[in-house]
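Atoms within a ligand are numbered from 1 in the order they appear, just like the ligands themselves.
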Amino acid sequence: MRATMMSTPLTLSHLLDRAARLFGRIEIVSQTPQKSLLRHCYADVQRRARALSQALLAAGLARGDRVATLMWNHHVHLEAYFGIPAAGGVIHTLNLRLHPDDLTYIASHAEDRFLIVDDVLLPILESFAGRVDFERVIVATHSGDAVPSGMQRYEAFLESATDSARLPDIAEDEAAGLCYTSGTTGRPKGVVYSHRALVLHSFACGLADMMGLCQRDVALPVVPMFHVNAWGLPYTATLVGCKQVLPGPHLDPVSLLDLCERERVTLSAGVPTVWLGLLRELDAAPDRWKLAPGLRLLVGGSAAPPSMIRGFDRHGLHVMHLWGMTETTPLGTASTLKSYLEDLPEEEQLAVRATQGLPAPFVEARAMGEQGEAAWDGKTLGELQVRGPWIADGYFKVPESDRWTDDGWFCTGDVVSIDPEGYVKIADRTKDLIKSGGEWISSVELENALMGHASVREAAVIAIPDPRWQERPLAVVVLEEGAQVTADELRAFLADRFAKWWIPDAFEFVDSIPRTATNKFLKSALRAQFASRGGSERDA
Ligand code: AMP
């Protein structure tokens, strides 16, 4: 066999070791629950992550054991991101917004042995701890040193580390992380991330046309570190050695804007709801914050309305739209403009930026319709299927699943069209599509349009059973404070852009739209609430 290249394992420890060696004094800033800022640097994080690995090994952590975390975004969570996998363990991030029953199910199903928890989140732990058998609970203290009996202080746990505990050699295909899907239907399912997947994913995220990070950036993940590894941002930021600003529990728009201004943040990431809130503050007081010029906002998790992208353009802030899932680590597609599309009129550019974008390198995408693979014509709808080195090939401890095709693609459950340039555009989740008189109506397009109306804060469109048309769209709308608008006015607003039969027959005005634990509209709850509404007003 001819010599080719060395088979250096792609493992996470390298990212932090390199950052500590080359960018040792670059800061990791953590906001505490009291709103003070703690400053560490990569050298500190590496030292402490190593102590965590050694303490875990001394406590009996075996290869592949799960260590759960129940924490906000801060340096201890970052230490766990590296320290647990470096010890051969698997970091299992628990979503603190889940119902106690779900947390019980997930922690039991994962067989989590240890737990690291924020002291401010102990009330959440209390709500399910009696039903889960954690062998050891380690508490990251932010206010005082006292911890409940039977638990251990994180700092004391680190001090128990002995230098003699040698860190194991890890193979790149070993498990490093575990995250459960938010599953609005059925039981949540576990997705296991390998070291190799997380490393390759970090390289892809770093590319200029994906998340585009470099060492000079200052990255602030608003997306929680318990939601698909904060979209891989902590790993990617460590790969490039840039400053990280971790906001702790303070995710309201004003706190975030204050933090962005104070720490000169250049890149942030979060779901549309977060950015819509921020935009409102900026619109109300455009001169209040001096943000870093060209600040980029990564938006994903649900569709970014074009009106929001345009809104941030007005403030000189650049929105980058991404699509992904728990099963895709999560980066799947990103919507940057191709060079020759920059000559398009602004409105057309905006339409491209508002698509979910082009597949990342090594992520292959296809839309599968009833007649096989849909043409890339920007019109034909099909279910998005993907494959690649950071796409899951099964769920944790679930032997069989219909989410994978016989020829090895993962079925996303998203219904999309792909245009001739390769831009993927989501019409809906399979279960959210509205089928009216045999034709499909995209709830996402209607929602995006409605959210472009000055009086509309949020809009969710759902299918309502209809005796004549099978299903009809119903729009559930939250108005801006003090705004007044009628259903007829909203219908007229939509009439310019959509075929008549797409326009919702009924509008419901509500104070808020129920959300999932990952901040998406909980459409199943809306469907249950409004099941008896609707009508048959559609013209034949
Ligand atoms: P999760 O696994 O909780 O991250 O949810 C993944 C799902 O969120 C995807 O299957 C999509 O339905 C939705 N999603 C993620 N990003 C976007 C986006 N940019 N636009 C529309 N939907 C999205």
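- Salt-bridge formation is not detected for the pair R366/E373: no Lys NZ or Arg NE/NH1/NH2 atom is positioned less than 4.0 Å from an Asp or Glu carboxylate oxygen.
- Taking the ring pair (Phe, Tyr, Trp, His ring centres under 6.0 Å) definition, one finds that F493 meets it with H453, sequence neighbours left out.
- A salt bridge is defined here as a Lys NZ or Arg NE, NH1 or NH2 lying under 4.0 Å from an Asp or Glu carboxylate O, and K435 with E471 fails to meet this definition.
- E348 has no carboxylate O lying under 4.0 Å from a charged side-chain N of R353, or vice versa, which leaves the two without a salt bridge.
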> After noting the C-alpha distance and the side-chain angles of L331 and H201, does the key distance pass the side chain to side chain contact (heavy atoms under 4.5 Å, CB included) rule?
Replying inline: CA-CA 7 Å; L331 178 71; H201 180 263; 3.3 Å; yes
Please produce the table of protein N or O atoms sitting under 3.5 Å from N or O atoms belonging to ligand 1, one pair a line, distance to 0.1 Å.
residue: ligand 1; atom: 2 (O); partner: T326; partner atom: N; Å: 2.9
residue: ligand 1; atom: 2 (O); partner: T326; partner atom: OG1; Å: 2.7
residue: ligand 1; atom: 3 (O); partner: S182; partner atom: OG; Å: 3.3
residue: ligand 1; atom: 4 (O); partner: H227; partner atom: NE2; Å: 3.4
residue: ligand 1; atom: 5 (O); partner: K520; partner atom: NZ; Å: 2.7
residue: ligand 1; atom: 8 (O); partner: G301; partner atom: O; Å: 3.3
residue: ligand 1; atom: 8 (O); partner: K520; partner atom: NZ; Å: 2.6
residue: ligand 1; atom: 10 (O); partner: D414; partner atom: OD1; Å: 3.3
residue: ligand 1; atom: 10 (O); partner: D414; partner atom: OD2; Å: 2.7
residue: ligand 1; atom: 10 (O); partner: R429; partner atom: NH1; Å: 2.7
residue: ligand 1; atom: 12 (O); partner: D414; partner atom: OD1; Å: 2.6
residue: ligand 1; atom: 12 (O); partner: D414; partner atom: OD2; Å: 3.4
residue: ligand 1; atom: 12 (O); partner: R429; partner atom: NH1; Å: 3.4
residue: ligand 1; atom: 14 (N); partner: G301; partner atom: O; Å: 3.2
residue: ligand 1; atom: 16 (N); partner: G301; partner atom: N; Å: 3.0
residue: ligand 1; atom: 19 (N); partner: H321; partner atom: NE2; Å: 2.9
residue: ligand 1; atom: 19 (N); partner: L322; partner atom: O; Å: 2.7
residue: ligand 1; atom: 20 (N); partner: A303; partner atom: N; Å: 3.2
residue: ligand 1; atom: 20 (N); partner: Q356; partner atom: NE2; Å: 2.8

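- The existence of a salt bridge linking R527 and D432 is confirmed by a sub-4.0 Å separation between a basic side-chain nitrogen and an acidic carboxylate oxygen.
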